[in-house]
Amino acid sequence: MSTTAQAWPGVIEQYAQYLPVSDATPRVTLLEGNTPLIPSVTLAKRLGEGVELYFKFEGLNPTGSFKDRGMTMAISKAVEEGATCTICASTGNTSAAAAAYSARAGIQSVVLIPDGYVALGKLAQALAYGARTIAVEGHFDACLRLVREISENYPVELVNSLNPYRLQGQKTAAFEVCDWLGRAPDYHALPVGNAGNITSYWMGYGEYHEAGMAESRPKMLGFQAAGSAPIVLGERVDKPETLATAIRIGNPARWEEAICALDESDGCIRAVTDEEIVEAYTELSSVEGVFCEPASAASWAGLKQLAGEGFFAGQECTVVATLTGHGLKDPDRAVAIATEPDKAPDDVDTIVKMLGL
Ligand SMILES: *Cc1c(COP(=O)(O)O)cnc(C)c1O
């Protein structure tokens, strides 16, 4: 007789004891979570001799980003409370997740996105999952202001990162890291936009530590894009710019919480340039075989920047870098950055010659 492995039930069911849910809470799930912690085979060496590096590849969630963890919670709670329509502002991944989980729950979704600044794959998702999608003339911050006002005055449930259940769902990624490693890492690196994710991880590590599931907590390392680095600069950025659209945010919703996470963990937050992001993005896919979206590559870009200053020198440590979203989210960027494919006729000799074989 063969034995059947216990099927992964999604993050709410898996970690119910750590979440604000009861038996009465519906589980609106696409079996998100349980994403792999991929060991780096090549790039880790660049950080230092004693560094073990892992990529928490969140691109392998059902809609291709970590936003699914928060959205399974937010939509489940919204349905529990009787909501029939959700609304969110998004740089793309939140809207993809909100649209998918709303469809799953059989309720309406509305998404407001900054016109012209959402990657093609993400826009395709919102539309495919059937969200009422509105492209607003303005930045993400304007979209957020609008959905806030609308949700305060009309019967629609706000599922942005202001929604507290989002952070609750997202903290499960920290549990998974500890479960896979058997301990907490020494450092955890993340891209920072609205700062919900860094806040969630810190919450998750703290709760696991308190529950006796991990002996220590990591130092949190946050990385913002240089053109939209309000937390690094200590002031709002009115015109955030970066090709990493998922972190193109000038006034983070979880700014204070992020500062707390950085202070309490004795971590740090840095800015990485778009050039550094593009280099990191290319390395992750072409050297390590892990294709993430540009914003996600800020994690690796930032780690390299720190290593360049001798940060990891002489340290024996474990570093986890979250790669927040899948590379296929932003196919235009991938093609624009790469060199164009060479053209050839339908002829073996020509192709063999081109390949130098
Ligand atoms: C949302 C998002 C981020 C930023 O996360 P915050 O919680 O807003 O800091 C980074 N990368 C990707 C791919 C995202 O979708």
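Just so it is clear, the values below take in all heavy atoms, side chains as well, and ignore hydrogens, waters and symmetry mates. In each ligand, atom 1 is the first atom listed, and ligand 1 is the first ligand listed.
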Using a 4.0 Å cutoff against the non-hydrogen atoms of [X], which atoms of ligand 1 qualify?
X	result
Lys67	1 (C), 2 (C), 3 (C), 14 (C), 15 (O)
Asn194	6 (P), 8 (O), 9 (O)
Glu293	13 (C)
Val192	9 (O)
Gly196	6 (P), 7 (O), 9 (O)

Which segment of [X] sits under 4.0 Å of ligand 1 when only heavy atoms are counted:
X	result
Leu190	neither
Asn93	side chain
Arg254	neither
Lys329	neither

Exercise for the section: Specify whether Tyr208 and Tyr15 have parallel, tilted or perpendicular ring planes, treating 30° as the upper limit for parallel and 60° as the lower limit for perpendicular. Expected result: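 Taking Tyr15 first and then Tyr208, their aromatic rings stand perpendicular (interplane angle over 60°).
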
Exercise for the section: If the plane angle is over 60° it's perpendicular, under 30° parallel, otherwise tilted; pick one for Phe55 and Trp300. Expected result: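 Aromatic pair Phe55/Trp300 classed perpendicular.
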
Handout entry: Side-chain donor-acceptor pair present, Thr322, Tyr201, cut-off under 3.5 Å
Key =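 On atom types as modelled, these side chains qualify, holding a pair under 3.5 Å.
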
Exercise for the section: Indicate whether any N or O donor in one side chain lies under 3.5 Å from an N or O acceptor in the other, for Thr29 and Glu32. Expected result: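 There is such a pair between these side chains.
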
Problem - N or O pair under 3.5 Å between Ala195 and ligand 1 - result: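 Yes, since at least one N or O of Ala195 sits under 3.5 Å from an N or O of ligand 1.
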
Handout entry: Shortest heavy-atom approach to atom 11 (N) of ligand 1 - which of Thr63, Thr324, Thr91, Leu323
Key =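 Selected option, by shortest heavy-atom distance: Thr324.
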
Practice task
Closest by any non-hydrogen atom to atom 7 (O) of ligand 1: pick that one out of Thr245, Ile231, Asn197.
Solution key: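 When every heavy atom of Thr245, Ile231, Asn197 is considered, Asn197 comes closest to atom 7 (O) of ligand 1.
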
Handout entry: Tyr205/Phe175 aromatic ring centres below 6.0 Å
Key =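 Centroid separation for Tyr205 and Phe175: 6.0 Å or greater.
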
In plain terms, say whether [X] and [Y] are close enough for a salt bridge, that is, a side-chain N and a carboxylate O under 4.0 Å apart.
X	Y	result
Arg46	Glu283	yes
Arg69	Glu58	yes
Lys171	Glu207	yes

